[in-house]
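Shown next, in structure tokens, is the structure this report addresses.
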Amino acid sequence: MRGITDRITTRRVRAAALGAAVVVCAVAAVAPTAATAVPNAPTATPGPKVAPGPKVAPGPKVAMDGLSVGVERISVATDEGYGGASITPDGRSVVFKSLKDVPQQSGNEVYVRDRRAGQTRTEPLVEGWTPAISGDGKQVAASAPAQGMTAQRIRQHSLDLGMLPDRCGHCNEPSLSADGRYLAFGYLRLPERYRNVAVADRNGGFDTVASLSSSAAARPSISGDGRYVAYQGATYQREHGVHLWDRTTGTTTGPLEGPSKGGTLVQLSDNGSKVVYLSDGGTYVHDVSSGDAHLVPNAEGVAIDPTGRYLLYVPKGTSGPSLVLRDLQTGADETVSDQPATADADSVSAGGRDVVFQSAADNIVPGDTNGKPDVFVRRFF
């Protein structure tokens, strides 16, 4: 594998640059005059000492978009647990699901939290996988399980793609382009029970990206402009092969990890520049333009930010944080959670500013007393 590097972990400190204002004080020297002695001049008596007032703790640091730096609880309801979350590139909106099945539908309710407005809306969807969200937060895609494989559907907000070609079953793993126009997903061809990878165009049209010789999950991930789709190939023996499809050229590159190795797709960055995958127990970041892959040591990759610079990962072989965000350019790390926590693809906003994760810990934020898993966002700056 070319370009393998082992970066030394340092801590990244994000802070606004402070401009030091230099003030020059001019003191005029006055020539002394003849001093007049004042005998027995009274001495001023000092007044009573005044105790200093109580120290006021500074409020939370608030960014220009009105969101506070630190950890925020996204799932504010108290009657059930939540998980399976994705965040928009600007960090404003989070889509997540309940962990409680919807009666007679064998799925979970889907919600979108507008962090700036402080409001949560319920989507007219039920699903069994982590839902996807468009860059503007207006479009949501989710699989819609129902009784029987052939009754399963993919729904994108109010658009129902319905039954797909080849008698679709087990439609799953949706991934949305930034404007919500293109929807990538895997579905099972029946009766052969083989997996297809497809892209649906909301304006009309349907592309079959790949037909796989296995029923294993394809885990597709689409770029923000809808040009690239990364997916995971498979055989009956094992998961094998991370591939990249290019809509513009109509060609597919892969397996990215090499023909003699097996790979598991983590995520394609929103700008289409990086593909993160797992292979031989390691995490690799594949550069699409150069074809090089770089090993991130002692890390299990979870997600990459839209710019391809920040990697969310689980540290290996340590008793430290459960989730860490790494700047791939500098090698600096930030702790996302030091409590047990998990995350999914599309869980990092642009520039590594926000990370959405889920945890059952009750001491991440004050007032979390529901005793169930919740969704949180950590904002770094």
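Values reported hereafter were calculated over all heavy atoms of this structure, with side chains retained and with hydrogens, waters and symmetry mates removed. This is a predicted model, so every value here is computed, not measured.
Judged purely by atom type and a 3.5 angstrom limit, Ser93 has no side-chain atom pairing as donor or acceptor with the backbone of Thr88. Looking only at distances, no side-chain donor or acceptor of Glu257 sits under 3.5 Å from a matching main-chain atom of Ser279. Remark: the backbone N or O of Asn203 is paired with a side-chain donor or acceptor of Asp201 at under 3.5 angstrom. Between the side chain of Ser359 and the backbone N or O of Pro340, at least one donor-acceptor pair lies under 3.5 Å. In this structure, Ser221 contributes its side chain and Leu268 its backbone to a donor-acceptor pair below 3.5 Å. Ser75 contributes no side-chain N or O that, together with a main-chain N or O of Asp374, makes up a donor-acceptor pair within less than 3.5 Å. The backbone N or O of Ser322 lies less than 3.5 Å from no partner atom in the side chain of Ser337, so there is not a single donor-acceptor pair. Distance alone, capped at 3.5 Å, places no donor-acceptor pair between the Arg227 side chain and the Thr248 backbone. Under the 3.5 Å distance criterion, the side-chain polar atoms of Ser86 are left unmatched by any main-chain donor or acceptor of Asp344. Listed for the Asn271 side chain is a donor-acceptor partner under 3.5 Å among the backbone atoms of Thr307.
Using a 4.5 Å cut-off on side-chain heavy atoms (C-beta onward), Val365 and Glu72 make no contact. When side chains are defined from C-beta on, Trp245 counts as touching Val199, because their heavy atoms get closer than 4.5 Å. Using a 4.5 Å cut-off on side-chain heavy atoms (C-beta onward), Val356 and Ser347 make contact. Taking 4.5 Å as the limit, some side-chain heavy atom of Thr264 sits within range of a side-chain heavy atom of Arg219. Looking at heavy atoms from C-beta onward, Tyr231 lies in side-chain contact with Thr252 at the 4.5 angstrom threshold.
Contact record, Thr283 with Glu300: OG1-CA, 3.4 Å, taken as the closest heavy-atom pair. A pairwise comparison of heavy atoms in Leu183 and Pro174 identifies CD1-CB, 3.9 Å as the closest pair. Here the shortest heavy-atom pairing between Ala361 and Gln339 reads CB-CB, 3.8 Å. Pairing each heavy atom of Val348 with each of Ala303, the nearest pair is CG2-CB, 4.2 Å. Across Asp305 and Ser349, no two heavy atoms sit closer than the pair CB-O, 3.4 Å. Shown here for Gly135 and Pro89, the closest heavy-atom pair between the two residues is CA-CD, 3.8 Å.
Here Ile304 contributes atom CD1 and Asp346 contributes atom CG; the two are 11.0 Å apart, rounded to the nearest 0.5 Å. Here the CZ atom belonging to Arg309 is positioned 14.0 Å from the OG atom belonging to Ser269, to the nearest 0.5 angstrom. Expressed to the nearest 0.5 Å, how far OG1 of Thr122 lies from CD of Glu109 amounts to 6.0 Å. Of the inter-residue distances, the one linking Leu328 atom CG with Asp287 atom CG reads 11.0 Å to the nearest 0.5 angstrom. Note: His294 NE2 to Leu311 CG = 13.0 Å, rounded to the nearest 0.5 Å. Here the CD-NZ distance, from Gln358 to Lys97, works out to 9.0 Å after rounding to the nearest 0.5 Å.
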- Evaluate the criterion side-chain contact (heavy atoms from CB on, under 4.5 Å) for residue pair Ser273 and Val288; output intermediate values, then yes/no. CA-CA 5 Å; Ser273 66; Val288 173; 5.6 Å; no
- Task: Report the C-alpha distance between Val140 and Arg121 in whole Å, list the side-chain angles of each, state the deciding distance to 0.1 Å, and finish with yes or no for side-chain contact (heavy atoms from CB on, under 4.5 Å).
- Result: CA-CA 12 Å; Val140 172; Arg121 74 175 188 261; 4.2 Å; yes
- Could you walk me through whether Glu334 and Tyr310 pass the side-chain contact (heavy atoms from CB on, under 4.5 Å) check? CA-CA 10 Å; Glu334 290 274 17; Tyr310 295 93; over 6 Å; no
- Message: Would Arg353 and Leu67 count as a side-chain contact (heavy atoms from CB on, under 4.5 Å) here? Give the steps.
- Response: CA-CA 11 Å; Arg353 192 175 190 182; Leu67 301 177; over 6 Å; no
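Under a hydrophobic-cluster definition in which Ile, Leu, Val, Met, Phe, Trp and Tyr are linked whenever side-chain heavy atoms come within less than 4.5 Å, directly or via other members, Leu99 and Val76 are assigned to different clusters.
Within the structure, every pair that satisfies the ring-ring contact (aromatic ring centres under 6.0 Å, His included) test and touches residues 339-371, not counting sequence neighbours, is listed here: Phe357-Phe376.
Neither side chain, Thr335 nor Asp338, offers a donor N or O lying under 3.5 Å from an acceptor on the other. With no hydrogens or angles considered, no side-chain donor-acceptor pair links Thr251 and Asp246 at under 3.5 Å.
Between Tyr82 and Tyr111, the two ring planes are perpendicular [angle over 60°; tilted spans 30° to 60°].
Remark: Asp354 does not engage Arg378 in a salt bridge, criterion side-chain N to carboxylate O under 4.0 Å.
Here the options are Val336, Leu323, Asp333, the test is side chain to side chain contact (heavy atoms under 4.5 Å, CB included), and the partner is Tyr313; only Asp333 passes.
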